[in-house]
Amino acid sequence: MKKLIITAMISTSIAMASNYTQEERIKDMQIMAHAMQDIQNGFFYNNFDMIKSGGVLLTDTVAKIEPPLEEQEENDVMTRFLNNKVKMTNSVKKKIKQKTQDMIERFRDGDPTQALQSFTKITKECMKCHTQLRKW
């Protein structure tokens with residue numbers, strides 16, 4: 001009996017811990033906004049360390065972003081296809097990670113113009129998500 005209760009408690013804890021909440025999403029969005037601001041300041045001050053630390057923070061945080069739980073658990077195939085939020089979220093995350101790495105490498109190699117273009121592409125990916133998924 002004791003083992004059954006402990007097993008139930010552990011499985012409940014794991015199930016609840018895996019859900020990505022709205023509060024966590026808001027916090028992660030604030031962290032990403034701060035990271036983007038750090039990157040932008042790095043360009044203004046020609047400071048590689050600011051760009052790199054902002055880029056690392058951005059990629060670490062964007063990796064935690066997940067589609068809403070109701071979208072992940074949607075059973076209706078047509079609804080999943082029309083909404084397409086899971087696939088789009090994963091695509092945006094992948095592109096932001098790639099462009100951030102590209103931006104850091106280009107700035108490090110002495111090409112701030114190309115690095116700034118990568119930063120612009122990162123911003124476009126952010127806006128793509130906000131306009132299509134969040135309906136801004």
Student check: side-chain heavy atoms of [X] and [Y] closer than 4.5 Å:
| X | Y | result |
| --- | --- | --- |
| Lys52 | Asp49 | no |
| Lys128 | Met88 | yes |
| Thr100 | Ile122 | yes |

ask   = Which distance, rounded to the nearest 0.5 Å, do you find between the CG of Asn90 and the NZ of Lys95?
value =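 Here the rounded value is 12.0 Å.
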key: Lys27 NZ to Thr61 OG1 distance, which is reported to the nearest 0.5 Å   = 9.5 Å
query = Is atom NZ of Lys97 surrounded by more than 12 heavy atoms (other residues, nucleotides or ligands) closer than 6.0 Å?
reply = no
How far apart are the closest heavy atoms of [X] and [Y], and which atoms are they?
| X | Y | answer |
| --- | --- | --- |
| Gly54 | Ala35 | O-CB, 3.4 Å |
| Lys99 | Ser118 | O-CB, 3.7 Å |
| Gly42 | Met50 | CA-CB, 3.7 Å |

Same apolar cluster (I L V M F W Y, side chains within < 4.5 Å links), [X]/[Y]:
| X | Y | answer |
| --- | --- | --- |
| Leu57 | Ile39 | no |
| Ile104 | Leu116 | yes |
| Phe43 | Ile96 | yes |

Please check this pair: side chain of [X] against backbone of [Y], looking for a donor-acceptor N/O pair closer than 3.5 Å.
| X | Y | result |
| --- | --- | --- |
| Ser91 | Lys87 | no |
| Glu105 | Asp102 | no |
| Arg25 | Glu66 | yes |

key: Residue pair Thr123, Thr120: steps toward the side-chain contact (heavy atoms from CB on, under 4.5 Å) verdict   = CA-CA 5 Å; Thr123 305; Thr120 303; 5.6 Å; no
Residue of the set Leu58, Val62, Val56 for which side chain to side chain contact (heavy atoms under 4.5 Å, CB included) holds with Asp60 =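 The passing option is Val56.
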request  = Check each of Tyr45, Phe107, Phe119 against Ile51 using the side chain to side chain contact (heavy atoms under 4.5 Å, CB included) test, and report the only one that passes.
outcome  =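 Option passing the side chain to side chain contact (heavy atoms under 4.5 Å, CB included) with Ile51: Phe107.
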ask   = Going through the checks in order, is the side-chain contact (heavy atoms from CB on, under 4.5 Å) test met by Ile31 and His34?
value = CA-CA 5 Å; Ile31 292 170; His34 179 70; 5.7 Å; no
request  = Verify side-chain contact (heavy atoms from CB on, under 4.5 Å) between Met29 and Ile65, making sure each step is shown before the conclusion.
outcome  = CA-CA 9 Å; Met29 290 292 167; Ile65 301 296; 4.2 Å; yes
